[in-house]
Protein chains: 2
Amino acid sequence: MINRKKHVIKMAHQLFIEKGFQATSIQDILDYSGISKGTFYNYFSSKTELLIELFKTLFSEMEEKRNALLSEGDPSNIDIFINQLELQLKINEENKINALFEEVHFSNDNELKEFIKKRQITNLYWLYKRFIDLFGKDKKPYLLDCAIMFIGILQHLVKYYNLTYQPNYHRVVKYSVERIKLIIGEISTNGVQLIQPEMFQLFSIDGALHIPNYQQQIMRIIAEIKESVPVSNKVNELLDFIHDEISYSKKPRKYLIASAVSSLREEKEVNIHFVEKLTEVIEKI
Amino acid sequence: MINRKKHVIKMAHQLFIEKGFQATSIQDILDYSGISKGTFYNYFSSKTELLIELFKTLFSEMEEKRNALLSEGDPSNIDIFINQLELQLKINEENKINALFEEVHFSNDNELKEFIKKRQITNLYWLYKRFIDLFGKDKKPYLLDCAIMFIGILQHLVKYYNLTYQPNYHRVVKYSVERIKLIIGEISTNGVQLIQPEMFQLFSIDGALHIPNYQQQIMRIIAEIKESVPVSNKVNELLDFIHDEISYSKKPRKYLIASAVSSLREEKEVNIHFVEKLTEVIEKI
DNA sequence: CCTAAATTATACTATTAGTATAAAATATTT
DNA sequence: AAATATTTTATACTAATAGTATAATTTAGG
């Protein structure tokens with residue numbers, strides 16, 4: 001029964017893709033996934049919260065795959081970067097993430113709006129960091145501007161390219177990268193800056209963003225635990241809490257996480273080996 | 001009573017700005033603008049249709065002001081272009097058009113989606129044409145790509161600039177224009193093309209877009225008539241029909257418009273001079 | 001086999017979009 | 001000015017849907 005919640009999210013995702021988020025009623029989701037209303041509200045407090053959970057899983061998967069492309073590779077290798085972008089665009093399309101994203105801008109739900117905003121900033125930060133990898137630390141002052149422009153260029157070109165031709169992400173990404181390379185060269189020669197990278201501090205995710213090491217490690221361990229054995233409700237809840245706290249809190253509450261881990265230790269289904277690794281990593285937060 | 005409908009749109013606009021489109025119920029609009037439900041549904045078939053009418057008026061006003069900046073000026077003067085962009089960004093902000101736009105992507109309403117899509121394409125086309133004015137016909141094959149990239153750059157820079165600093169549209173526009181100038185130079189030297197300008201034909205607004213002369217003239221005459229004297233319901237309906245047919249139809253139905261004009265001729269409140277001018281222009285369609 | 005938790009079925013409330021209609025107010029025509 | 005047509009209002013109604021409440025049933029685990 002532990003996968004029921006995931007199953008509901010999956011079914012809802014399908015409905016959202018087919019009919020759109022708005023047009024899918026909760027009753028539709030109940031019918032399609034074969035649960036009762038009570039169960040639904042036991043899992044989620046609203047349709048919006050279901051959507052947020054859907055986004056979280058999709059983004060986690062995407063980030064994992066994206067980072068896997070780079071692991072052990074050379075961060076300054078631009079072909080890897082291009083592969084990462086292509087991958088993201090493809091996953092986006094497969095899951096209609098963009099469509100959902102757009103559909104969702106409407107919401108009066110502040111939690112959702114904040115979630116999406118943070119997501120965009122985090123994504124921008126990733127790009128900024130990758131640009132530093134690719135083009136060198138000396139160009140730092142200009143690379144935020146460039147990252148912003150690059151997102152704009154890429155998104156708009158993809159949109160109109162796909163309106164006109166069959167999608168060809170490789171071509172569009174390469175084209176976009178060529179343009180931004182030119183701009184980076186010119187801007188850093190002339191020393192023109194528009195927005196200061198200190199901007200990230202405004203969103204107080206700067207801290208969290210600077211130490212993605214432990215975050216990635218923890219997320220990997222959690223994934224391993226879940227794959228190793230079907231876990232109980234309780235374990236699942238604990239793992240999800242840790243995952244979310246790590247991923248979406250400005251400052252993850254270290255002691256709360258430690259407490260969750262020690263509860264995990266009690267559960268025999270979880271290999272003690274994993275718990276040790278978790279404890280170890282969490283101490284470094 | 002002729003302005004009541006406009007008054008309702010205005011009041012609704014205020015509510016949309018304050019609370020958002022979604023969060024504003026029809027009852028809110030009724031209370032705020034002091035009309036009854038019956039009247040509302042007499043004016044609009046739904047809240048969405050009201051929104052479309054709001055957009056139409058906002059866009060018309062914006063286009064008029066934007067084009068006024070260029071009238072009699074040199075199309076290749078880049079400072080005029082920069083002024084035009086600044087103006088648009090400011091009007092956008094004042095009326096929260098972007099916010100409404102985003103809020104609205106959600107809708108299951110196909111009419112609205114189509115309306116917005118066409119609006120974006122039309123806007124892109126305007127920019128493409130302006131780029132031809134500014135950078136020369138010889139660069140035509142590359143200027144659609146550049147227009148697309150430019151929109152992306154400008155929109156994203158504005159977004160993040162305004163998140164960080166006080167809005168300074170002049171600065172952001174100038175920065176964006178500098179970048180695109182560089183790209184245009186490089187692209188046209190190397191002869192790289194991504195999307196063909198023939199793309200516009202896909203949206204079959206190509207024809208309509210090529211002859212904006214009569215469109216502008218007619219819209220000006222209509223505005224003049226409405227300003228000259230408070231017009232009756234009937235006249236207003238006729239004028240609005242002509243306006244919409246000119247603005248939003250792929251191929252305006254010439255004879256239908258002529259018929260509307262001849263009905264106008266019967267109305268004594270409308271100065272015959274205007275009717276003559278209209279007739280004259282419509283013959284050229 | 002027993003207990004606790006999860007799930008179901010069902011009924012209910014509250015909000016809202018949209019329809020229907022008769023009465024009242026306002027315009028228009030003769 | 002009276003008659004007629006139209007617009008507007010007030011009101012009551014239907015239908016759809018989100019979310020709450022709860023007793024009965026099922027399932028999982030010790």
Side-chain angles (χ1 to χ4, degrees), chain A residues 1-9 11-12 15-16 19-52 106-109 111-112 229-238 240 266-270, chain B residues 1-9 11-12 15-16 19-52 104 106-109 111-112 229-238 240 263 266-270:
Chain A
M1 285 298 109
I2 195 55
N3 300 325
R4 266 169 73 94
K5 191 172 171 184
K6 280 186 184 167
H7 176 249
V8 175
I9 295 179
M11 293 298 105
L15 288 176
F16 293 164
K19 322 171 42 166
F21 176 73
Q22 264 288 317
T24 302
S25 73
I26 289 181
Q27 193 58 51
D28 290 337
I29 300 173
L30 304 185
D31 297 344
Y32 198 60
S33 55
I35 59 165
S36 74
K37 211 167 200 177
T39 307
F40 182 92
Y41 282 101
N42 184 23
Y43 290 156
F44 317 99
S45 70
S46 66
K47 201 172 62 166
T48 311
E49 200 173 276
L50 187 162
L51 184 68
I52 291 184
F106 79 94
S107 168
N108 18 355
D109 188 317
E111 196 193 347
L112 183 54
V229 61
V231 293
S232 70
N233 257 343
K234 184 179 173 187
V235 170
N236 204 57
E237 187 183 305
L238 288 168
D240 284 348
E266 308 298 313
E267 307 297 316
K268 28 223 141 345
E269 59 195 295
V270 180
Chain B
M1 287 295 107
I2 195 55
N3 300 324
R4 264 168 76 93
K5 191 172 173 184
K6 278 186 183 165
H7 177 249
V8 175
I9 295 179
M11 294 297 104
L15 289 175
F16 293 164
K19 322 172 41 166
F21 176 73
Q22 264 286 317
T24 302
S25 74
I26 289 181
Q27 193 58 51
D28 291 336
I29 300 174
L30 304 185
D31 297 343
Y32 198 61
S33 55
I35 59 165
S36 75
K37 210 167 201 177
T39 307
F40 182 92
Y41 281 102
N42 184 23
Y43 290 156
F44 316 101
S45 70
S46 67
K47 200 171 61 163
T48 312
E49 200 174 275
L50 187 162
L51 184 67
I52 291 184
V104 126
F106 78 95
S107 167
N108 16 356
D109 187 317
E111 197 194 347
L112 183 54
V229 61
V231 292
S232 70
N233 257 344
K234 184 178 173 188
V235 171
N236 204 57
E237 188 183 303
L238 289 168
D240 284 348
S263 300
E266 308 298 314
E267 306 299 314
K268 39 238 137 327
E269 59 197 293
V270 180

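It should be emphasised that the depicted structure is a prediction, and the values quoted were computed from it without experimental measurement. Per chain, numbering begins at 1; letters A, B, ... match sequence-line order.
- The separation between B/Leu50 atom CG and C/dG18 atom P is 12 Å, rounded to whole Å.
- Counting to the nearest Å, the C1' atom of C/dT19 and the CZ atom of B/Phe44 are 18 Å from each other.
- Contact annotation: A/Tyr43 side-chain N/O to C/dT7 OP1/OP2 distance is under 4.0 Å.
- When the side-chain contact (heavy atoms from CB on, under 4.5 Å) test is applied to B/Asn42, no partner is found at least two apart in sequence or on another chain.
- For A/Thr39, the side-chain atoms get nearest to C/dT8 when compared with the rest of C/dG18, C/dT8, D/dA18.
- Interatomic distance, CZ of A/Phe40 versus CG of A/Leu50, reported as 5.0 Å (0.5 Å rounding).
- Under the salt bridge (Lys or Arg N to Asp or Glu O under 4.0 Å) criterion, no residue pair touches residues 33-43 of chain A, with sequence neighbours excluded.
- Taking atom CZ of residue A/Phe40 and atom C1' of nucleotide C/dA9, one finds them 17 Å apart after rounding to whole Å.
- Within the structure, the salt bridge (Lys or Arg N to Asp or Glu O under 4.0 Å) test picks out the following pairs touching residues 22-34 of chain A (sequence neighbours left out): A/Lys19-A/Asp28.
- Counting to the nearest Å, the P atom of C/dA5 and the CG atom of A/Asn42 are 13 Å from each other.
- A close approach under 4.0 Å does not occur between any side-chain nitrogen or oxygen of A/Arg4 and OP1 or OP2 of D/dA28.
- Following rounding to the nearest Å, A/His7 (NE2) and C/dT7 (P) show an atom-to-atom distance of 13 Å.
- Here the nucleotide nearest the side chain of A/Tyr41, chosen from D/dA18, D/dT7, C/dG18, is D/dA18.
- Taking every heavy atom of residues 26-38 of chain B and every atom of DNA chain D, pairs under 4.0 Å involve B/Gly34, B/Ile35, B/Ser36, B/Gly38, by number.
- Under the side-chain contact (heavy atoms from CB on, under 4.5 Å) criterion, A/Ser46 pairs with A/Thr48, A/Glu49, sequence neighbours left out.
- The CD atom of A/Gln22 sits 15 Å away from the P atom of C/dT16 (whole-angstrom rounding).
- Applying the side-chain hydrogen bond (donor to acceptor under 3.5 Å, both in side chains) criterion to A/Ser33, with sequence neighbours excluded, gives no partner residue.
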